[in-house]
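Below is one structure, written out as structure tokens; comments come after it.
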Amino acid sequence: MPVTHTSVDAEAAARLVAFGMRPKQLPARDVVYGELVRRYAEDNAFKALTHAVASGLGLMVLEVNQQAGAVLAAVDESIFEIKMDSYARQAKIRERRETEKVMHGLIHLAAAALAYPRPDDLANDTYIGRVSVEQVDAMVREAARILDERAQQAETNNDPPADAPELEQAWRAYARRPAAAATKDGRMAADTTRGMVARALRFLADQGFLVPVSDEQGGTYRTTPRYQIQVRELAADAAFDDLLALGVVAVASAGGTLRATASDTLQ
């Protein structure tokens, strides 16, 4: 049976989506991938077909370009959505309680805010951010300190806000947990906050969002275009706006501010 032009196009669109699901694959390293990205940019019909194929799989196309390739995000209830249990297995998290989930959400949000501290950084496609385990840990601890001061000033330290009990418990748990401790064989203990941050950053590296550059500061990473696109999506989310309104940690510049607090979801 002869293959029609339409079926060939559908196969090409599906192949482009498949490339996007391989986080470390880049158009510059694959001739076929590069050609599909070029076609996506030049052929509106092919672009629409690619979006339709992705949508049928429960995915949303965030961006397609030669630097990042096809960057996808799972929609709600998609089979590809990363649930906390899946993240826990991939990041080797032992505890899966609600407080632990919020703590890891806070770590991921802090990493994003440190990687792109100004709105101009998110808008600049050539910007490369850097983030380290020690930086993220310090930022989350500062957030916990400020939240503690606010609670004491409001005389609600023993009465968590009804609208964010998990957040209250999370910063308390994070502040109580030691930052660093060594195991008998000299490795970083997994149940320390820096151990948690290290696993979170390694997870982002496995997803093609970060690239390790050195072991300094507990592990230092540089950002990738894929991560920049994902953080742009996070910054545009209504839940992120709610977090910004808390104003826990602010990084100011002429271009505006980007404040990081805590999140109980993983993007």
Side-chain angles (χ1 to χ4, degrees), residues 62-63 68 71 73 82 87 91 100-150 164 166-168 170-171 173-175 179 193-194 196-205 207-213 216-267:
L62 300 182
E63 183 68 70
V71 184
I82 298 179
Y87 171 76
E100 199 81 5
K101 290 168 60 177
V102 182
M103 289 169 68
H104 277 273
L106 193 154
I107 287 170
H108 278 271
L109 186 54
L114 284 167
Y116 303 99
R118 300 175 299 268
D120 287 351
D121 300 333
L122 275 177
N124 183 358
D125 290 336
T126 64
Y127 180 83
I128 298 176
R130 291 209 175 199
V131 64
S132 74
V133 170
E134 291 183 6
Q135 285 177 323
V136 174
D137 183 55
M139 184 174 186
V140 178
R141 287 188 174 277
E142 177 66 5
R145 184 189 67 79
I146 294 174
L147 280 168
D148 189 23
E149 289 182 351
R150 288 187 175 187
E166 294 87 0
L167 177 60
E168 178 90 359
W171 65 252
Y174 200 100
T193 56
R194 288 184 185 175
M196 294 172 61
V197 174
R199 291 196 301 277
L201 297 188
R202 283 197 298 269
F203 172 82
L204 290 174
Q207 298 300 309
F209 297 137
L210 298 176
V211 175
V213 295
E216 296 178 356
Q217 297 185 339
T220 299
Y221 297 77
R222 67 169 174 81
T223 60
T224 66
R226 292 177 67 88
Y227 192 46
Q228 186 179 49
I229 292 166
Q230 289 283 350
V231 175
R232 283 175 185 165
E233 185 71 12
L234 172 65
D237 192 89
F240 191 69
D241 288 340
D242 292 340
L243 297 173
L244 296 185
L246 293 176
V248 175
V249 176
V251 180
S253 74
T257 62
L258 179 61
R259 296 183 296 275
T261 55
S263 173
D264 62 353
T265 59
L266 296 172
Q267 300 298 322

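Throughout, numbering of the chain's residues begins at 1 and tracks the sequence.
- In this structure, CD on Gln228 lies 7.0 Å from CG on Asn124, to the nearest 0.5 angstrom.
- Here the OH atom belonging to Tyr221 is positioned 9.0 Å from the CG atom belonging to Leu204, to the nearest 0.5 angstrom.
- Partners of Gln135 under the side chain to side chain contact (heavy atoms under 4.5 Å, CB included) rule, at least two apart in sequence or in another chain, are Leu114, Val131, Ser132, Gln217.
- Between Phe203 and His108, the two ring planes are perpendicular [angle over 60°; tilted spans 30° to 60°].
- To the nearest 0.5 Å, the span separating CG on Leu62 from CZ on Arg226 amounts to 9.5 Å.
- Under a 3.5 Å cut-off, the side chain of Gln207 and the backbone N or O of Tyr227 do not form any donor-acceptor pair.
- Here Thr193 contributes atom OG1 and Ile107 contributes atom CD1; the two are 7.5 Å apart, rounded to the nearest 0.5 Å.
- Residues Ala198 and Val133 share a closest heavy-atom pair of CA-CG2, 3.8 Å.
- Shown here for Ala115 and Tyr127, the closest heavy-atom pair between the two residues is O-CE2, 3.3 Å.
- In this structure, Ala138 has no side chain to side chain contact (heavy atoms under 4.5 Å, CB included) partners at least two apart in sequence or on a different chain.
- Taking CG from Asp121 and OG1 from Thr126, the interatomic distance works out to 10.0 Å, rounded to the nearest 0.5 Å.
- The shortest heavy-atom contact between Thr224 and Gly208 is OG1-O, 2.8 Å.
- Minimum heavy-atom separation, Val213 to Arg222: CG1-CG, 3.8 Å.
- Evaluation of the side-chain hydrogen bond (donor to acceptor under 3.5 Å, both in side chains) rule for Thr223 yields Tyr116 as partners, not counting sequence neighbours.
- The distance from the CG atom of Leu201 to the CZ atom of Arg194 is 12.5 Å, given to the nearest 0.5 Å.
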